[in-house]
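Single-structure report; data block below.
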2 protein chains.
Amino acid sequence: METTDLFEKCLGCRYMVALMRRIGEGTARPGQLERALEDISAKVLSERLKRLVEYRIVEKTAFPEIPPRVEYRLTTFGQRLLEIVDEVEQLHNKASKQADGLL
Amino acid sequence: METTDLFEKCLGCRYMVALMRRIGEGTARPGQLERALEDISAKVLSERLKRLVEYRIVEKTAFPEIPPRVEYRLTTFGQRLLEIVDEVEQLHNKASKQADGLL
DNA sequence: CGGAATCCAAGAAGATACTG
DNA sequence: CAGTATCTTCTTGGATTCCG
């Protein structure tokens, strides 16, 4: 599992950053996440969650209940990653503002 | 131009991180970059470079010569971005190693 | 409810040819 | 040499259905 993959498969795909943010805010269950993301389909949400688990950005807990309940939360790595994403966002905003001033 | 785009359009696309790295190392001309990236097509390379310029990660200089010569280099923002990418890489490696130890 | 399988539409990437 | 346009191929996302 190379790190380039981390960018292509986890950060670069549609919904991924938004999804990480919701989970970071405490939205833990797939149903809630599907509503929170607004226009994501259940299928794509599943795929994304699965991938976030693979890359250890998110941890999954399944409760053996009827009906089934599942919860996702950020790993320590996931939390750091999200912080870095925010850092990039700020950097990007600053750079854009500067550039606009120059035009 | 939102920041989510930055991830989806610049970091998440194939070749992008590798391309930024080569430019950061001083490989400046399209022809060289095409050879350095090994299996990227000229068309896709063009598209990527264009996008990196749009997002102000890279700056383009065209010399009015025959035959034409063009050079690309990282902006200040691009350099910072690449540093952060490296940071994520290290973090990811560390997290993976830890996880392997636990299995 | 959570998730996997299927089928279909949309977008990204590869190959090639052409212009300045 | 650098860059655009076109055509084809493949990967990704969306809608639906079914199972535990």
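Each chain gets a letter, A, B and so on, in the order its sequence line appears, and its residues count up from 1. As the structure is a computational prediction, the values presented were derived from the model and not from experiment.
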A/F77 six-ring centre to A/R56 NZ/CZ under 6.0 Å and within 45° of normal | no
Nearest-nucleotide pick for A/R48, side chain only, options being C/dG2, D/dG13, D/dA2 | D/dG13
Listed nucleotide nearest any side-chain atom of B/P30, set C/dG2, D/dG3, D/dT12 = D/dG3
Out of C/dA13, D/dC1, C/dG3, whichever nucleotide has its closest atom nearest the side chain of B/P67 | D/dC1
Touch check for A/F63, heavy atoms < 4.0 angstrom, all strands: base, sugar-phosphate only, or nothing?
-> nothing
When rounded to whole Å, the CD1 to C1' distance for the pair A/I40 and D/dG13 reads 10 Å
Round to the nearest Å and state the distance from A/E47 atom CD to C/dA4 atom P.
-> 10 Å
Base, sugar-phosphate alone, or nothing: which one does B/P68 contact when heavy atoms must sit under 4.0 Å apart?
-> base
For atom CZ of B/R51 and atom C1' of C/dG11, their distance in whole Å = 11 Å
Tell me, yes or no, whether the heavy-atom count around A/R73 atom CZ, taken from other residues, nucleotides or ligands under 6.0 Å, exceeds 12.
-> no
A/R14 side chain near C/dG11 phosphate (N/O to OP1/OP2, under 4.0 Å) | no
Grab the CD-C1' distance between A/E71 and C/dC1 for me, whole Å please.
-> 13 Å
Just how far, in rounded Å, is P of D/dA2 from CD of B/Q32?
-> 8 Å
With a 4.0 Å cut-off, would you call A/R69 and A/E71 a salt bridge?
-> yes
Contact check, side chains of B/M16 and B/L11, non-hydrogen atoms, under 4.5 Å | no
A/E54 and A/R51 ion-paired at < 4.0 Å = no
Among the nucleotides C/dG14, D/dA2, C/dG3, which one has an atom lying closest to any side-chain atom of A/Y72?
-> C/dG3
In whole angstroms, how far is the C1' atom of C/dA13 from the CD atom of B/E38?
-> 17 Å
How close or far is atom C1' of C/dT6 from atom NZ of A/K43, stated in whole angstroms?
-> 9 Å
For B/R69, which contact category applies under a 4.0 Å heavy-atom criterion: base, sugar-phosphate, or nothing?
-> nothing
Any A/Y15 side-chain N or O less than 4.0 Å from OP1/OP2 of D/dG14 = yes
Between atom NZ in A/K60 and atom C1' in C/dG2, what is the gap in whole Å?
-> 8 Å
